[in-house]
Structures are given as structure tokens and as C-alpha cells.
J.: 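Handing you a structure now.
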Amino acid sequence: MTAMNTTEPTLPQVVCVARARIPTTQGPDIFLHLYSNDRDNKEHLAIVFGEDIRSRSLFKRQSPNETQQDRMIRGAYVGKLYPGRHVADVDEKLGMKLEFDSRTGELVFDPRTTWDGQNDTLVRIHSECYTGENAWSARCDCGEQFDRAGKLIACEHEKETGIIGGNGHGVIVYLRQEGRGIGLGEKLKAYNLQDLGADTVQANLMLKHPIDARDFSLGKSILLDLGINNVRLLTNNPDKIAQVEHEGILHCVERVPMVPIHWTDDNKGIDSKEIEGYLRTKIERMGHLLQKPLNLHTTPSTTISVPNLTPTK
Ligand SMILES: Nc1nc2c(ncn2[C@@H]2O[C@H](COP(=O)(O)OP(=O)(O)OP(=O)(O)O)[C@@H](O)[C@H]2O)c(=O)[nH]1
Ligand SMILES: [Zn+2]
């Protein structure tokens, strides 16, 4: 492994507080990991595909007195829970056993039971979007991208696009930075400004926020805690690609594009005037790596009349 560059900023400390298996309506079980950290009080998440992708902080023995029952309740178990199971570190039915360093209590890496972090792992670092994920919003593509990331991680290969999937291994890091970090209340104000003619960048600036207030360093810490070093990143955002790199320990080995579904299938995906404006702004003003020539019914941003924020009577 290359030596770590000391000029890199210190990464946040994260601890996985609990994980649980979630059977899904989409097919595979996922393991939801909830994290605490030393930078904010938000509950950031990792949606993990693959039982063997193990959080180092979760699996570490909490104290010599920690019971096997305590460990199962926190989700620090190998294999699968079943009624009557007593031991967290051994799944007798599946023939799996974890080993721990007797001095530090840390999980000892064993490729038979734990995913190898040198594997190229399909990852999405996703920022919260209440409207796109829960309110069926056609203003943005967040809900669609979230679903698609899950499908791509679960599948071996996507026929329509030729994308190699994660084949059941991968992670969606879900960061609670709503509205590119400005929060839901401010995002709703930005939407009103957009209805008045501003684009997403202009609206943020008019509200005296940065164009993008996000910080992906928590996402990096979470990936490293999950033992992942080589990432195939599902994104069109060049800033995310740059931010995910951490010299010597975390590499973006490939960018996997997230092409809007409606661009490849007229009958599917989000089709609205608002989403076109949103994508146009991402491409023209934020440098997103989407290549389809824009043939949209929204007006290019240069001709948008920006509303005046001075109150009128
Ligand atoms: N301020 C603001 N935020 C928005 C708006 N529309 C969506 N968002 C937020 O933008 C973020 C989108 O996050 P992602 O989909 O993870 O990332 P991205 O920058 O679009 O890049 P990709 O990885 O290519 O999808 C979420 O936090 C949304 O809540 C908007 O009009 N204004
Ligand atoms: Zn959204």
C-alpha cells in the first residue's frame, strides 16, 4: 500500500452504531448501517449489499464484557440471525466464524468471511433529497438515481447499457445533506425562486448559500470503515469523483455514469419541464458529465430572467 499523504485533511471519525438486515421488495436483502460521527449530529447511513462487507467499528468488541447477545443486537454478527441463535461471532448453520485480535478487539480480516477492500466495489454516494425520494418530485432525478443504484449493485450486468453491476456487492452511502447541504427549508425557498425563473445555481446564490455546500468526507470515512479501498463510483458529478479520492487509501478506479432513464427510453423515467431545467443547469453550470445533446423545451439559462429579491409592494 502507498504511504498516506500527510497533506490530505484529517478524515472525520465515524462509528457504526447498529446494523440490521432489511429484506427488500426489490429482491436482495440489504444491511442498513447507521453511523455516528465527530462532525455533526446527523444519522448518516450506509446501505450495504453483501453480508460480508463488514464495518470495522461495528464488529470491534466494545469491551471484554460485551456479551454475544449484545453483539447480535447491535448487528455485529456473521451470517444470518435465526430464532434461538446464541453466538454472534459464529454461524454454525452457514459454517462461518469471525476471529478478533485479543488485544485490540478488532476484527481479523479473513477473505472467507469478509469482503476484500482491494476488490473494485460499486458505490454510490447519495445526498438526501426528501422531495425526490419521498414526495415523488419531478424536479430532480434523486429518487430515480437512488433506485437505479440499488438495481445496478444487485445485478451482474445491465443488458440495456452494458454496465457491469455489483453482482450483489456494493454500498449506497446515504448522507444527510439535504438540498446540496442547505437543508429542506432553504431548498423549498430555492424551488419558489426557480418557479420565478432562477435556475438551481442562481437560486442558491440568491439565498446567500454556496452553489453546493456539501462535504463528502464523511462518505469517505464510512467507506473506509466498511473496509473499501477501490471504488467504482456511480455519478455524473466531477466534484464527487475528486472528493472521494484519498491518497494511499481510497481510489476511484472507475466512474459509472448515471444517465437519466428518460434519455434512453422515452416511455420510462422522469419527464417534466423542471427536470430538464435541473439537468441543463447541472451540465451547463456545474460541469456534470452527461453527454446527450440537450434538446430540451426549457429556455437556456442565459435567457432566464432572474427575479429581483427586493420586496415590492
Ligand atoms: N439547493 C438545491 N438542492 C437540490 C435541488 N434539487 C436537488 N437538490 C439536492 O441535490 C442533491 C443531489 O444529490 P446527488 O444526487 O447525490 O448528487 P449530484 O450532485 O446530483 O450528483 P450525481 O452523483 O451525478 O447524482 C440532494 O441533496 C438534493 O436534495 C435544488 O433545486 N436546489
Ligand atoms: Zn432531488
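Because the structure is predicted, anything quoted here is derived from the model rather than measured. Just so you know, ligand 1 is whichever comes first in the structure, and atom 1 is the first atom listed for that ligand.
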J.: Cation-pi between R56 and F109: NZ/CZ under 6.0 Å from ring centre and within 45° of the ring axis?
T.: no
J.: Does the distance from a Lys or Arg side-chain N to an Asp or Glu carboxylate O, for R232 and E254, drop under 4.0 Å?
T.: yes
J.: How would you list, by chain and number, the residues with a heavy atom under 4.0 angstrom from ligand 1?
T.: R124, I125, H126, S127, E128, C129, C142, Q145, Q177, E178, G179, R180, I182, K187, Y191, Q194, T200, N204, R214, T235, N236, N237, K240, Y278, K282, H288
J.: Would you please say whether a donor-acceptor pair under 3.5 Å links the side chains of R214 and S127?
T.: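 Short answer, yes.
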J.: Is the Lys NZ or Arg CZ of R71 less than 6.0 Å from the centre of Y77's six-membered ring, within 45° of the axis?
T.: no
J.: Any chance you could measure D38, atom CG, to S221, atom OG, to the nearest 0.5 Å?
T.: 8.0 Å
J.: Which one of R124, E133, H126 satisfies the side-chain hydrogen bond (donor to acceptor under 3.5 Å, both in side chains) criterion with Q145?
T.: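 The residue from R124, E133, H126 that satisfies side-chain hydrogen bond (donor to acceptor under 3.5 Å, both in side chains) with Q145 turns out to be R124.
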J.: Work out which heavy atom in P23 is nearest to a heavy atom in D29; give both atom names and the distance.
T.: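 Nearest heavy atoms, P23 then D29: CA-OD1, 3.4 Å.
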J.: Salt bridge or not between K93 and D91? Use side-chain N to carboxylate O under 4.0 Å.
T.: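 Looking at K93 and D91, the cut-off is not met.
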J.: Near the Zn ion (ligand 2), which protein N/O/S atoms fall under 2.8 Å?
T.: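 Listed by chain and number, the nearby protein N, O or S atoms are C129 SG, C140 SG, C142 SG.
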J.: Taking CG in N134 as the centre, count heavy atoms belonging to other residues, nucleotides or ligands within less than 6.0 Å. Is the count above 12?
T.: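 Check passes, neighbour count above 12.
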